[in-house]
Amino acid sequence: DRPEAMMAAWSILPMLLGLTVAAKKANGPNIVMIVADDLGWNDVSLHGSPQIPTPNIDAIAKRGVHLTNYHVQPVCTPTRSTFLSGRHVIHTGIYMPFSQGTALRLNLSYTLLPQYLQKLGYNTAAIGKWHLGQNVLKALPTGRGFESYLGYWSGAEDYYTHMVKNGYDFQEGTECAPEHNGTYSTYTFAERAVQTIAEAGKNATNPLFLYLAFQNVHWPLEAPQEYLARFTHIPNRERQYVAAMTAILDEAVGNVTQAINDHLPNTLVIFTSDNGGPVQDEGTMSNNYPLRGGKNTIWNGGTNVVGMIAGAGIQNPGRVSHEKMHASDWLPSLVSMACGCDWTTLIPENEPPYLHGDGMNVWDMLSTGSASPREWVLHEAHPQDMPYADTIHGNGLTVGDWKIVNLQKEPEPGWYPPPGQDPNNTPYTISCGAPPKLNASECHGADNFCLFNITADPCEHHNVAQEHPDIVQQLKGQLAQFQATAVPPVVDEGCDPVINAQGCWRPCDAVGDA
């Protein structure tokens, strides 16, 4: 029952916004935010690797803005919570993914992006992966501002059976949806997205915000044989699966962008990965090369990810932007764009305060190509009195050209070209030359900071801390400002989700035993 395969050329024409603010209601464009899971920097052909053709993903950047200096958090729940809350993980306490079956959740007192957009008259829908809490009904997508939802609440599950930890997790709204058992999730998500877009085109009274979070290319490595057959020339089975799963993702993106072109031409489209790809740590084989590291690291391979935006309001399309942007910037930028106002005027009176380190409005940079107001990117920070062993991924900050890092968790410390590809004969869009011999203890240990000129050395080959101790101290001082407001990791709140008599994962307050 999957949508027909399309390698669709995408032809949304850019247009200038003419927003007027009347009682803070939007007459703005539709917004479709597409999130890929664990997509590596060079798992798209846009970045120079021809191993996996991704014409539909590439087309978004070519017809919009290709974001080359765009950073997220090094792993999924932290990034997703940042997308939707506009708050940095140092203030949400979400440094690591939520384990299935726990009572971890994104703070219920935060106003999320769909809730802001609802206030402006948007209809809101979420499809795909959630992973921001599932123990109570208020923590679910439909409790956080999405009027409809189809997907899974957990972080990873079987693509066909939708089983995770002995329970079935595929949901329609707040109810278990067993009719999707046996269907590859990407087909279901793309089909529902196309339907949602078509319906919005017929009922165009209010603009649509669609949050579409695909499962691909997160493990488990599963793909239909017809896609695997395209990549048998790759001399590594795990890499074949990643390639096949990326090809399915690209096809789904093509279906969605074609539906937008057909039904909702006044649409702003965002495509982003949630983190860099895992290379060797999770039994899979993504490609971040020539960037250093991967998922679960604060090297560039973990945080500098595939990102792009196109469509309504984007002037001078076909741009490549090297301006700094962070995952937390989507909320203030999109809300400001949608209302044609200062987004902070929409913050509820009882909202927990936004702090230094949280998102900035970078809409002018995105829409016109002007300079970004963001001069720094905070990768991760922890209270200065926290024991080094508890600092999760570590502490890292980029200011201007310079990046300091002190690492704790580092499963993928080096540079990993994919099997079947000669890096010396591949036209990567980032060129750094051959990497140096790996120093596995580099940047480790309490207060052992490395320093990189990230503009001249985006692949983080050369630690120049000894040559520039003054810059290290200056950046440590700036990092300390963020550490001063950093909070410890979030803890369980309330009852755990449960598996009901039908074998479905359920919020504990939906089965009478909260």
Side-chain angles (χ1 to χ4, degrees), residues 5 7 36-59 61 66 68 156 159 184 186 214-254 271 273-297 299-302 304-306 411-438 440 458-461:
M7 303 302 281
D37 201 338
D38 284 4
L39 187 67
W41 171 263
N42 248 316
D43 285 332
V44 293
S45 46
L46 177 71
H47 289 157
S49 173
Q51 193 173 59
I52 311 172
T54 53
N56 296 298
I57 295 171
D58 297 358
H66 178 196
T68 65
Y159 280 73
Y184 195 80
T186 313
F214 284 107
Q215 187 170 358
N216 301 56
V217 295
H218 198 289
W219 53 264
L221 299 181
E222 296 176 319
Q225 184 59 41
E226 63 183 283
Y227 292 92
L228 282 168
R230 300 181 190 178
F231 300 100
T232 55
H233 60 281
I234 297 176
N236 177 277
R237 190 62 170 167
E238 289 78 14
R239 184 64 184 159
Q240 291 175 9
Y241 269 98
V242 171
M245 294 161 74
T246 304
I248 300 169
L249 171 67
D250 185 73
E251 180 182 294
V253 169
F271 181 91
S273 184
D274 63 342
N275 46 254
V279 181
Q280 60 180 14
D281 181 49
E282 298 184 353
T284 182
M285 187 67 67
S286 292
N287 177 16
N288 306 303
Y289 195 85
L291 299 181
R292 186 173 187 175
K295 180 181 179 179
N296 262 318
T297 78
W299 295 115
N300 262 7
N304 192 176
V305 300
V306 179
E412 298 177 350
W415 304 266
Y416 309 96
Q421 187 170 92
D422 179 1
N424 296 316
N425 294 306
T426 304
Y428 301 123
T429 56
I430 293 176
S431 179
C432 299
K437 182 179 179 180
L438 179 64
C459 303
E460 296 164 303
H461 285 179

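The model shown is predicted, which means the values in this text are computed figures rather than measured ones. Reckoned from all heavy atoms, side chains included, excluding hydrogens, waters and symmetry mates.
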Grab the two heavy atoms, one from [X] and one from [Y], that are nearest each other, plus how far apart they are.
{"X": "Pro411", "Y": "Thr297", "result": "CD-CG2, 3.8 Å"}
{"X": "Leu291", "Y": "Asn300", "result": "CD1-O, 4.0 Å"}
{"X": "Pro413", "Y": "Arg292", "result": "O-NE, 2.7 Å"}
{"X": "Asn287", "Y": "Tyr416", "result": "OD1-O, 4.1 Å"}
{"X": "Tyr428", "Y": "Pro290", "result": "CG-CD, 4.0 Å"}
{"X": "Ile57", "Y": "Asp250", "result": "N-OD1, 2.8 Å"}

Taking atom types as modelled, is there a side-chain donor on [X] or [Y] under 3.5 Å from an acceptor on the other?
{"X": "Thr186", "Y": "Asn216", "value": "yes"}
{"X": "Tyr289", "Y": "Gln421", "value": "no"}
{"X": "Asn275", "Y": "Asp38", "value": "yes"}
{"X": "Trp219", "Y": "Glu282", "value": "yes"}

Whether Trp415 and His461 hold their rings parallel, tilted or perpendicular, with breakpoints at 30° and 60°: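 Trp415 vs His461 ring planes: perpendicular.
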
Under 4.0 Å between a side-chain nitrogen and a carboxylate oxygen: does that hold for Arg239 and Asp43?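 Looking at Arg239 and Asp43, the cut-off is met.
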
